[in-house]
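Here the structure comes first, spelled out in structure tokens, and everything after it is commentary.
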Amino acid sequence: MRTFILFIRRFFNLILFLGVEIVCIVMISHTKTLQGNDIVSSANMVSGLLYKKQNDVVYYFGLGRMNDSLLNENMRLRLQIATIKGIDTLHDSLVHKPLASSDTSHGASHIVHYADYVYRTARVINNSVSAANNYITINRGYKDGIARNMSVLSGTGTVGKVVHVSAHFASILSILSVKQQVSARLKDGTFGYITWDGNRPDVLMMRDVAQQIKVKTGDTIYTTSYSFFPPDIMMGTVLKTETLKKNNLQLLYVRPAANFRNLQYLYVVENKMDEERKILEDSVNVKSKP
Amino acid sequence: MSVYLRNFLRFCFILILQVLVLNKVTLRWWLEPMGFPIFIPYVYPLFILLLPFETPVWALIIIGFITGLTVDSFANTAGLHAFATVLIAYLRTNVLNALLPKNLSEYAHQNPNVKNMGWTPFLTYAAFLLVLHHTVFFTLELWNFSNIGYLLLKIICATITSMFFVIIYLLLFTRQTMARA
């Protein structure tokens, strides 16, 4: 016993050092699976407030640029409304008519709901682009209806997914992250995954596109309904294509549609049908296991 | 001013400088080079380097853990900064012992600084531990060795820039009594 105590005394520092490092490794390994703890995140009370105070000061310097981006977005939305109103897809489309007329059990014609999206605005109070997993902190929390796994868009394109929520703040894992990949499709409907290799914040990658698919520089890439984003949101444009020698598949370099360097306002999108879909998918997964 | 208060104020100052100023400035050395890394210089390990000589190792480890965890909570990297900072906090005493001519107990009630160590030993001490910190941190953060040249480039750029900030800090906060004497 005495030698044991002597041993502990002799190597106390080393044991403490190893113990603390093991605690750190456990914490890191928890965040590797996208499920970190909310306390050590920028959504917590202290860091959120400090970031907010700092942003209140810096905020005014970006107002001109923000006005421009809002004006551009308004113009885009107005253009979209104009094209939709011209054709009036809801009444004239061949796709919707049979559905509306065949289902008369409720008396009136009825619209099929696949998803029901609620948009909330939020202001960016902290942002990073240089880390391997980049996080954005916003000034909205669960008191404003933000919850985990909601998707986040900017005026121009996709941004990320909510991972930590506190009362007044939330932190978002942006698509500039080496640990999350997003389902995406090309203009002609080819599916693939958008990933980021951790190098430059203005280049994303789309791997394993078959060689016979013709991709031009400047082609748009959209989200799919498989991803956590709403479908058909612009993700980016093709910057460069490269055919890999080893497996004859194309690697697309993609310029993201959102400018991650100066994000000011974001939209947090809640999918009302998401829970139902998740329960259904989970139940299928459980059943398919032997 | 008591030793504890002075170190606590330095802790607040360096952490606020790191979190509110340096974390917002993502640097890169050239404007549009293909694949050149952008990075944040991490200067907060300087707080660990400037703790008094007689701080025991267990206290250094715990202070390092708290410092790292504070930076982690701002940068959403649970544990990464803490891991790297605890490592340099543990090795600090050994590096000081190797670099200083006298025993550490002879420097009672003093902080390591350029006055009692001299410029070259202090910069060696700071550079060694900063290189270690940055290497461990960036390696753990990226955890992807397919592009190792990029990782090395990022470590080198960030270390040199951090050392630059450390030297500026030392020039600003060293009292100039030596020059007059």
Side-chain angles (χ1 to χ4, degrees), chain A residues 12-32 36-48 50-51 53-55 57-58 126-137 163-164 171-173 178-179 197-203 240 260-261, chain B residues 15-16 19-21 23-28 32-41 56-62 64-66 68-87 89-91 93 137-144 146-147 150-151 153-154 158:
Chain A
F12 176 70
N13 287 332
L14 186 66
I15 291 165
L16 181 72
F17 167 68
L18 290 177
V20 173
E21 293 290 52
I22 286 167
V23 170
C24 292
I25 290 171
V26 169
M27 285 167 71
I28 295 167
S29 63
H30 274 289
T31 55
K32 288 282 178 202
N37 51 348
D38 283 342
I39 300 160
V40 190
S41 77
S42 66
N44 78 38
M45 220 46 223
V46 181
S47 43
L50 207 60
Y51 275 145
K53 286 273 172 286
Q54 195 248 12
N55 185 258
V57 178
V58 190
N126 180 48
N127 186 8
S128 83
V129 289
S130 67
N133 296 296
N134 290 295
Y135 289 83
I136 299 158
T137 314
V163 284
H164 302 293
S171 62
I172 297 158
L173 183 63
V178 292
K179 68 182 178 191
D197 60 350
N199 289 8
R200 302 177 62 206
D202 36 17
V203 180
K240 201 173 78 179
F260 287 95
R261 284 167 190 281
Chain B
L15 266 268
I16 284 176
V19 166
L20 292 189
V21 182
N23 275 7
K24 304 280 174 172
V25 194
T26 45
L27 292 171
R28 53 179 174 178
E32 191 64 40
M34 270 306 267
F36 208 82
I38 65 168
F39 56 90
I40 292 173
V57 177
W58 61 266
L60 281 172
I61 290 173
I62 290 176
F65 184 63
I66 293 168
L69 219 54
T70 317
V71 181
D72 274 330
S73 75
F74 281 98
N76 271 304
T77 52
L80 285 175
H81 286 291
F83 188 93
T85 317
V86 167
L87 182 67
Y90 177 68
L91 292 178
T93 318
F137 174 75
F138 285 120
T139 314
L140 277 180
E141 189 199 26
L142 200 57
W143 203 245
N144 171 13
S146 61
N147 203 346
Y150 177 85
L151 182 65
L153 208 59
K154 191 165 181 171

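Computed from a prediction, not measured in an experiment: that's the story for all the values here. Naming: A, B, ... by sequence-line order, numbering from 1 per chain. Heavy-atom basis, side chains included; hydrogens, waters and symmetry copies ignored.
- Considering every non-hydrogen atom in both A:M27 and B:L69, the closest pair reads CE-CD1, 3.4 Å.
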Exercise for review: Take A:N133 and B:N76 through the side chain to side chain contact (heavy atoms under 4.5 Å, CB included) test and state the conclusion after the steps.
Suggested key: CA-CA 9 Å; A:N133 296 296; B:N76 271 304; over 6 Å; no

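- Heavy-atom distances place the backbone of B:A75, and not its side chain, under 4.5 Å from chain A.
- Ranked by heavy-atom pairs under 4.5 Å with chain A, the first of B:L87, B:N23, B:V19 is B:L87.
- Residues B:A82 and A:E21 approach most closely at O-OE1, 4.4 Å, considering heavy atoms.
- To the nearest 0.5 Å, atoms CG (A:N13) and CG (B:L60) are separated by 9.0 Å.
- The two atoms that bring B:I38 and A:R261 nearest to each other are CD1-NH2, 4.3 Å, heavy atoms only.
- Across A:V58, A:V46, A:N134, A:L14, the residue that shares the most heavy-atom pairs under 4.5 angstrom with chain B is A:L14.
- With sequence neighbours excluded, no residue satisfies side-chain contact (heavy atoms from CB on, under 4.5 Å) with A:K53.
- Most heavy-atom pairs under 4.5 Å with chain A: of the set B:K154, B:K24, B:H81, this distinction falls to B:K24.
- For the ring pair (Phe, Tyr, Trp, His ring centres under 6.0 Å) test, residues two or more places apart in sequence or in another chain that qualify with A:F17 are B:Y90.
- Expressed to the nearest 0.5 Å, how far CG of A:L50 lies from CZ of B:F74 amounts to 5.0 Å.
- Taking CG of B:L20 as the start and CG of A:N55 as the end, the distance is 11.0 Å to the nearest 0.5 Å.
- At a 4.5 Å heavy-atom cutoff, the contact between A:S171 and chain B is made by side-chain atoms alone.
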Review point. Under the side chain to side chain contact (heavy atoms under 4.5 Å, CB included) criterion, do A:V23 and B:F65 qualify, and how do the steps go?
Key: CA-CA 10 Å; A:V23 170; B:F65 184 63; 4.0 Å; yes

